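Everything on this sheet refers to the single structure shown next.
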Amino acid sequence: MQKQFNRQFSQTTLPPSDDKRWRLVTATMKRHGFQPSALIETLHTVQQSFGYLDKPAMTFVAKSLTVPLSKAYAVATFYNLFRLKPQGEHNCVVCLGTACYIKGAAKILQAIEDYSGIKPLQTSTDGKISLSTARCLGACGIAPAGVFDEKVVGNLTPESAKEQVQKWS
Amino acid sequence: MELDNATLPQAPSNGNGSSAVLANLEDLQKLKESEIVSQECFKHRIFVCMGTACQSSQSDLVLSEFASTIKAAGLSDTCVVTPGGCQGNCAQAPLVSVQPQDTLYQNVKPSDVSLILANLDKEPVQSIKCDQESSFFSRQMRVVTEYRGLVNPERIGDYIAVGGYSALFKVLNNLSPDQVIQQVRKSGLRGRGGAGYPTGLKWSTVAKSAGSQKYIVCNADEGDPGAFMNRSVLEDYPFRVLEGMTIAAYAIGATKGYVYVRAEYPLAVKRVEHALRQAQHHGLLGLHIGNSSFQLDLEVRLGAGAFVCGEETALISSIEGGRGLPCPRPPYPAQSGLWGCPTLINNVETYANIPPIMSNGADWYAAIGTEKNRGTKTFALSGRIKNTGLIEIPLGTSLREVVFDIGGGVPGGNSFKAVQTGGPAGGCIPESMLDTPIDYESLQSLGSFMGSGGMIVMDDTSCMVDVAKFFMQFCATESCGKCVPCRVGTVHMHTILDKITKGQATLADLAQLESLCDVVKNTSLCGLGQGAPNPVLSTLKYFRGEYLEHIVNGLCPAGVCAPKNQRLRQAK
């Protein structure tokens, strides 16, 4: 009964725009039978497709999965990985795990902050760089480490970290 | 199985011909033999490590250089190069292993490739050869990582060639679910996620719980900073984890399961998803596994960057699609877990231990380690230590052996100060306690915790108050906010620690810090809050002098909070 209801309901919920990327989002929900438990998986797909979660996206997902919008918002803000604002063209993640911290990750972060003029979770005004920090990348063997546009770089120094970011401008 | 094979419907073959399905032990043996034959066609098999450390040291370039040079030199008939798994000594990345000669090369650059190929039939190239007789290798004992990265993690055939899935068929053909649980009990295996709950006991609780639907979950939400063992195991041996899960599901009667992986490990996610598809294709997951009535459906679920989701009740809420908030226990997930059904949750490494236990017998496993702590454990060695990387040792090995013999000690002429185990819920162990054996109880008696296996070495350039502050900041940010002691207590403890590092604290603050530790430890809802005071308590126990130096004299002996011999308050 519930399943049938979900399906009927979801058919009446239209995506916020006719952007083709919404098909990916709908496909994820369909794969999970529009079950409310697919919320996190669907938000992952939205973020992968659009880069961040905005209110129309959360409203669409919440309605399709028959969960209250408040729950979608709660989940989106509870988990560190979800972003509610558009991201910059390039993405820089500095690992602040224990091994990296012991080996001077704070100085790496400082060097990048000084160069780019932004703090973690901010995007530069020209929309070029987004900076964030990670709890641990699991790359402790090559600490201190960071991710520069999906590529893990290890044994960083403040200078080499700055160089990585400089490449983007 | 007493059921007549002919009457059973055939397992779906994904439209690729029924030959792919391994319905019985014979099919498996056949595939194994054909894999071995095709491997023996090559005189040399070269494995280039594709782990995170090696990849960031450009092992992908080394791999493509090998491929193109082999082609150009016309060696394609005698030589094959494949991506391999972690060799352990990540400090010397990238690593290349040549089989069957078993030569390991370290710090390989693309320019070394032609030299390695030219010397395949001669003496190994000495300048880049890695000494596999060194204590880093000889003191280890490999069970979970027994394939030493020498299987292609993206091919089920490679795994079957080294004996993979024989344990599953042995179990399906010869053992009842009850007997499997008995074997696991006898092996003495304890939960490798850190708490050390006897695995066999957990399994039998789930098996005995009433309910027609049962679930199995693999906890791969390795959140501890400084720990990457689970990532390595999932990336290198995804099939082994799946095989362990399948055996566990058979034992407890589960038909549906989830692998909960943190999204920060994209390669591990990719490998597990790939492995799931291959296992399904070969009929090792899905309906009628091994032509029996046993069925299992597994799915990957992504974490989204919340440390607390490593706690089992929080993990369950996350799989159900909600915020990762822990619940009071009992009821334990073994009785009421996912959607209220009995659920078995084990760590990646626990599942990876199951196939060797089933293949070699419980007695073999129980002979490793010490009386209460059987078997081996993987650890991630990092921080101020020479040989960073992934190691596996029998439980009961002393910390000193790990830090100095396997790890090679502290580099750069600095002196050892402490080793931190157990992540944010663990503690810092000083030099004087290094002879303690590594096991669940001994580490706990030192005020630390086994944890999932991170080991971070610190030298005299680390300030212990600053380290405690670092962990407290971690816990304060990661607290889910459900219970007051954790939500409020961690923030207050962080404030006091911050005051100490700035030279603004008094002895009364220190007393308050200690009483807060006591309250948070004893009244928090889940492991995050209960463990959060441990880094403070253990550093206070062993390095109280450093705290007093900050408070009374306003100095930071390590020169972290302020330059050495400079008063803290003047520093900024």
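Everything quoted here is computed from the prediction, not taken from an experiment. Numbered from 1 within each chain, the chains take letters A, B, ... in sequence-line order.
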With chain A as the partner, which of [options] has the greatest number of non-hydrogen pairs under 4.5 Å?
options                        : answer
B/G223, B/C480, B/S318, B/G481 : B/S318
B/N230, B/L302, B/T388, B/D466 : B/L302
B/S232, B/G322, B/A53          : B/G322
B/G226, B/S57, B/C90           : B/G226
B/P225, B/A304, B/S382, B/A380 : B/A304
B/F470, B/F471, B/F307         : B/F470

[atom1] of [X] to [atom2] of [Y]: how many Å apart, nearest 0.5 Å?
X      : Y      : atom1 : atom2 : result
A/Y101 : B/K469 : OH    : NZ    : 6.0 Å
A/T98  : B/M458 : OG1   : CE    : 7.0 Å
A/C136 : B/F228 : SG    : CZ    : 8.5 Å
A/T77  : B/R323 : OG1   : CZ    : 7.5 Å

Counting only heavy atoms not in [X] (residues, nucleotides, ligands), do more than 12 fall under 6.0 Å from its [atom1]?
X      : atom1 : answer
A/K151 : NZ    : yes
A/D114 : CG    : yes
A/K71  : NZ    : yes
A/E150 : CD    : no
A/R21  : CZ    : yes

Flag, side chain of [X] to backbone of [Y], donor-acceptor distance under 3.5 Å:
X     : Y      : answer
A/N80 : B/G305 : yes
A/Y79 : B/G324 : yes
A/H44 : B/G303 : yes
B/S56 : A/V153 : no

If we only count heavy atoms from C-beta on, is the [X] to [Y] side-chain gap below 4.5 Å?
X      : Y      : answer
B/F474 : A/L96  : no
B/Q55  : A/V152 : no
B/I456 : A/I102 : yes
A/E41  : B/E299 : no

Tell me, for [X] versus chain A, whether the close heavy atoms (under 4.5 Å) come from the side chain, the backbone, both or neither.
X      : answer
B/R301 : both
B/L390 : neither
B/V457 : backbone

For [X] and [Y], work out which heavy atoms get closest and say how close.
X      : Y      : answer
A/L39  : B/G321 : CD2-O, 3.5 Å
B/A263 : A/L81  : CB-CD2, 3.3 Å
B/A227 : A/C140 : N-SG, 4.0 Å

One thing to verify: whether A/R135 and B/E264 come together as a salt bridge, which I'm taking to mean a side-chain N less than 4.0 angstrom from a carboxylate O.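 So B/E264 does not pair with A/R135 through a salt bridge.
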Given heavy-atom pairs under 4.5 angstrom as the criterion, report whether the side chain, backbone, both or neither of A/K103 touches chain B.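 For A/K103, the contact with chain B is made by backbone and side chain together.
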With a 4.5 angstrom heavy-atom cut-off, is it the side chain or the backbone of A/A74 that approaches chain B, or both, or neither?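 Its backbone and side chain both get close to chain B.
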Let's test your reading of the structure: which of A/G138, A/A139, A/G97 forms the most heavy-atom pairs below 4.5 Å with chain B?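 With the most close heavy-atom pairs to chain B, the winner is A/G138.
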